[in-house]
Amino acid sequence: MSVPALHRPALSVVPDRPELRTVERIVDADVYKSVFRRHAAGVVVITADAGHGPAGFTATSLVSVSLLPPLVSFAIATSASSWPTVSTAESLVINFLSADQHPIAGRFATSGIDRFAEPTRWSRLATGEPVLDEAPSFLHAQVEHRFAVGDHCLVVARLATHTERREHEPLLYHDGTYAKAHHVQ
């Protein structure tokens, strides 16, 4: 697919070297998915309970937003089974996963199952939010904002407490599969 003439950049001379040739494409759904499959992201499970039982989902969209005040954000599809809970919950838990916990990530990414049934081990914080017992660390947060963005909602939450149970290597998601970090230096 070519770029319409009105949006083409000015001509430039590119050396005839294959490694410098580029292909410019309009960002449609397929290109969008392809680009972000190549972008590694940390994996967390976000859990909440708005009074109708626990809900949770796997997320790769967690972003640190602000140090003062301590804010994070994540995106959730408004069609997701956890959305009704997240849309009304006042607080939530961000469960970080270690590199060997891809079965937990897969479980919370699966639709149509009870994600909190066996073999999931979970409990509640003193404040009532569900937390994964095997998460090596987690953040307890208060929901501050929800913004409709496309077919998702961007949730901004203020961090209240952090609990670290053990040091861990993070679980990543890259190219359609779970992975672990490989340090370059």
Any side-chain to backbone donor/acceptor pair from [X] onto [Y]? Under 3.5 Å, distance only.
X      : Y      : answer
Thr110 : Gly106 : yes
Arg165 : Ala135 : yes
Ser87  : Pro84  : yes
Thr85  : Ala48  : no

Closest approach of Ala157 to Ala141 (non-hydrogen atoms, all atoms of both residues): CB-CB, 3.8 Å
Connected via hydrophobic side-chain network under 4.5 Å: Leu154 and Val65: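 They do share one cluster, since a chain of ILVMFWY contacts under 4.5 Å joins Leu154 to Val65.
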Arg115 vs Thr120, side-chain contact (heavy atoms from CB on, under 4.5 Å): CA-CA, chis, key distance, verdict: CA-CA 7 Å; Arg115 297 169 181 160; Thr120 302; 5.6 Å; no
Each residue besides [X] in its hydrophobic cluster should be listed here, by chain and number; the cluster joins Ile, Leu, Val, Met, Phe, Trp and Tyr at side-chain heavy-atom distances under 4.5 Å.
X      : value
Leu97  : Val43, Val45, Ile104, Phe108, Phe116, Trp122, Leu132, Leu171, Tyr173, Tyr178
Val184 : none
Phe74  : Val44, Ile46, Phe57, Leu62, Val72, Ile76, Trp83, Val86, Leu92, Ile94, Phe96, Leu139, Val143, Val155, Leu159

Intermediate values then yes/no, side-chain contact (heavy atoms from CB on, under 4.5 Å), Thr161 and Phe138: CA-CA 8 Å; Thr161 62; Phe138 62 88; 5.5 Å; no
Heavy atoms of other groups near Leu67 CG, more than 12 under 6.0 Å: no
Listed once per pair and sorted, the salt bridge (charged side-chain N to carboxylate O under 4.0 Å, His left out) pairs that draw on residues 60-78, sequence neighbours left out: none
Ser98: partners by side-chain contact (heavy atoms from CB on, under 4.5 Å), with sequence neighbours left out: Asp100, Gln101, Pro136, Arg166, His168
Contacts of Glu90 that satisfy side-chain contact (heavy atoms from CB on, under 4.5 Å) - sequence neighbours left out: none
Residues in side-chain hydrogen bond (donor to acceptor under 3.5 Å, both in side chains) with [X], at least two apart?
X      : result
Glu144 : Arg158
Asp133 : Ser123
Thr127 : Glu129
His102 : none

Worked check of side-chain contact (heavy atoms from CB on, under 4.5 Å) between Ser137 and His162: CA-CA 7 Å; Ser137 79; His162 171 251; 3.6 Å; yes
Validation row: His39, Arg37 side chains within 4.5 angstrom (heavy atoms):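 Sidechains of Arg37 and His39: no contact.
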Any Arg107 side-chain heavy atom under 4.5 Å of Pro119 side chain: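 Touching, per the 4.5 Å side-chain cut-off.
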Pairs flagged by side chain to side chain donor-acceptor pair (under 3.5 Å) wherever residues 49-76 is involved - sequence neighbours left out: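 As it turns out, the side chain to side chain donor-acceptor pair (under 3.5 Å) pairs with a partner in residues 49-76, which skip direct neighbours, are Asp49-Arg124.
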Pairs where residues 145-156 contributes a residue and the test side chain to side chain donor-acceptor pair (under 3.5 Å) is met, not counting sequence neighbours: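 Qualifying pairs: none.
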Pairing of Glu134 and Arg121 as salt bridge, 4.0 angstrom limit: yes
